[in-house]
J.: 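Have a look at this one.
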Amino acid sequence: LRELVAGALPSEMAKWPLDKALLEHLDHVRATRAKSSFAPEQSASKNLVRVLGGDTRLDKIAAQHLTRYQTTRRNEGAGPKTINNELSVLTRTLQLSNLWRRMRDTYRPLAVPETEVGVALTHAELANLIDTAKRKPRWFVAWNTALLVSSTGLRYREIKTLRLRD
């Protein structure tokens, strides 16, 4: 009764198969988020459907499914951060259907090891990189990337998703 009053009962979406719910999620991402957000969400959705089964109903997904997903993806060589990001797509989908509450206390994301923070090039190192890349035809992409980074401050993913029409 408390769940009914709190509006926490599962929605009709809870009866949907995983693949349908993820397609709905991807439509929402495409309509409301940056273009660069779509590809990672789509990739995560494909892995979720492949490992958990596209015909699995949302209301049948339990915490042990998430644990099994983590194990399967680690055995495939995926890193902890990637797996956590993929499962965040599923958790957002489960939240939309009011199913996340029942497992949020038992789910534990994988520990992500701390990484070394990147070190910026000095002005002299950057000048040397640009000069070297400019003189070597095979370094054309490196030259353009160095110019772009140094003049705009774009990050790797932002550069990777750039298109001529941008």
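Note that this is a predicted model, so its numbers are computed, not measured. Positions are given from 1, in the same order as the sequence printed here.
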J.: Applying salt bridge (charged side-chain N to carboxylate O under 4.0 Å, His left out), which residue pairs with at least one partner in residues 74-97 are found, sequence neighbours left out?
T.: E41-R92, R50-E76, R73-E76, R73-E86
J.: Keeping to residues at least two apart or across chains, list the salt bridge (charged side-chain N to carboxylate O under 4.0 Å, His left out) pairs with something in residues 15-24.
T.: none
J.: Taking all heavy atoms of I130 and all of S150, pick out the closest pair and write down the distance.
T.: CD1-OG, 4.3 Å
J.: Kindly determine whether M103 and L94 satisfy side-chain contact (heavy atoms from CB on, under 4.5 Å), including the steps that lead there.
T.: CA-CA 10 Å; M103 68 181 91; L94 292 171; 3.9 Å; yes
J.: Decide whether L96 and V29 are clustered together by the hydrophobic rule: side chain heavy atoms of Ile, Leu, Val, Met, Phe, Trp, Tyr closer than 4.5 Å, transitively.
T.: no
J.: Between L26 and V89, is there shared hydrophobic-cluster membership here, with clusters defined by ILVMFWY side-chain heavy atoms closer than 4.5 Å?
T.: no
J.: I need the minimum non-hydrogen distance between S88 and N85, along with the two atoms involved.
T.: OG-O, 2.6 Å
J.: Do I61 and T56 have side chains that approach each other closer than 4.5 Å (heavy atoms only, starting at C-beta)?
T.: yes
J.: Which heavy-atom pair separates N98 from P10 by the least distance, and what is that distance?
T.: CB-CA, 3.8 Å
J.: How many angstroms lie between atom NZ of K46 and atom CG of L48, to the nearest 0.5 angstrom?
T.: 12.5 Å
J.: Would you say the side-chain atoms of N84 pair up with the backbone N or O of P109, donor to acceptor, closer than 3.5 Å?
T.: no
J.: What distance separates R30 CZ from L23 CG, expressed to the nearest 0.5 Å?
T.: 9.5 Å
J.: Determine whether L18 and D55 satisfy the following criterion, side-chain contact (heavy atoms from CB on, under 4.5 Å), listing intermediate values before the conclusion.
T.: CA-CA 6 Å; L18 179 61; D55 57 344; over 6 Å; no
J.: Do F140 and L147 share a hydrophobic cluster, counting only Ile, Leu, Val, Met, Phe, Trp and Tyr and linking them when any side-chain heavy atoms are less than 4.5 Å apart?
T.: yes
J.: Which heavy atom in P113 sits nearest to a heavy atom in P80, and how many Å separate them?
T.: CD-CG, 4.1 Å
J.: Is the count of non-hydrogen atoms from other residues, nucleotides or ligands lying under 6.0 Å from F38 atom CZ greater than 12?
T.: yes
J.: Supply the atom-to-atom distance H25 NE2 to Q95 CD, rounded to the nearest 0.5 angstrom.
T.: 10.5 Å
J.: Determine, step by step, whether L87 and L110 satisfy the side-chain contact (heavy atoms from CB on, under 4.5 Å) criterion, reporting the C-alpha distance in whole Å, the side-chain angles of both residues, the deciding distance to 0.1 Å, and the verdict.
T.: CA-CA 10 Å; L87 283 173; L110 295 174; over 6 Å; no
J.: Which of these, S97, P17, S11, sits in a side-chain contact (heavy atoms from CB on, under 4.5 Å) with L58?
T.: S97
J.: Could you tell me whether the side chain of D131 and the main chain of A127 form a donor-acceptor pair under 3.5 Å?
T.: no
J.: Flag the pair Y69 / L90 as yes when at least one side-chain heavy-atom distance between them is below 4.5 Å, and no otherwise.
T.: no
J.: With side-chain contact (heavy atoms from CB on, under 4.5 Å) as the criterion, how do Q64 and Y107 come out once you've worked through the C-alpha distance, each side chain's angles and the decisive distance to 0.1 Å?
T.: CA-CA 8 Å; Q64 65 264 28; Y107 166 68; over 6 Å; no
J.: Do you know which two heavy atoms are closest between R135 and P137, and how far apart they sit?
T.: O-CD, 3.6 Å
J.: If you take all heavy atoms of L22 and S45, which pair is closest and at what distance?
T.: CD1-O, 3.8 Å
J.: Can you measure from OG1 (T93) to NE2 (H28) and round to the nearest 0.5 angstrom?
T.: 10.0 Å
J.: Can you get from L52 to L66 by hopping between Ile, Leu, Val, Met, Phe, Trp and Tyr side chains that sit under 4.5 Å apart?
T.: yes
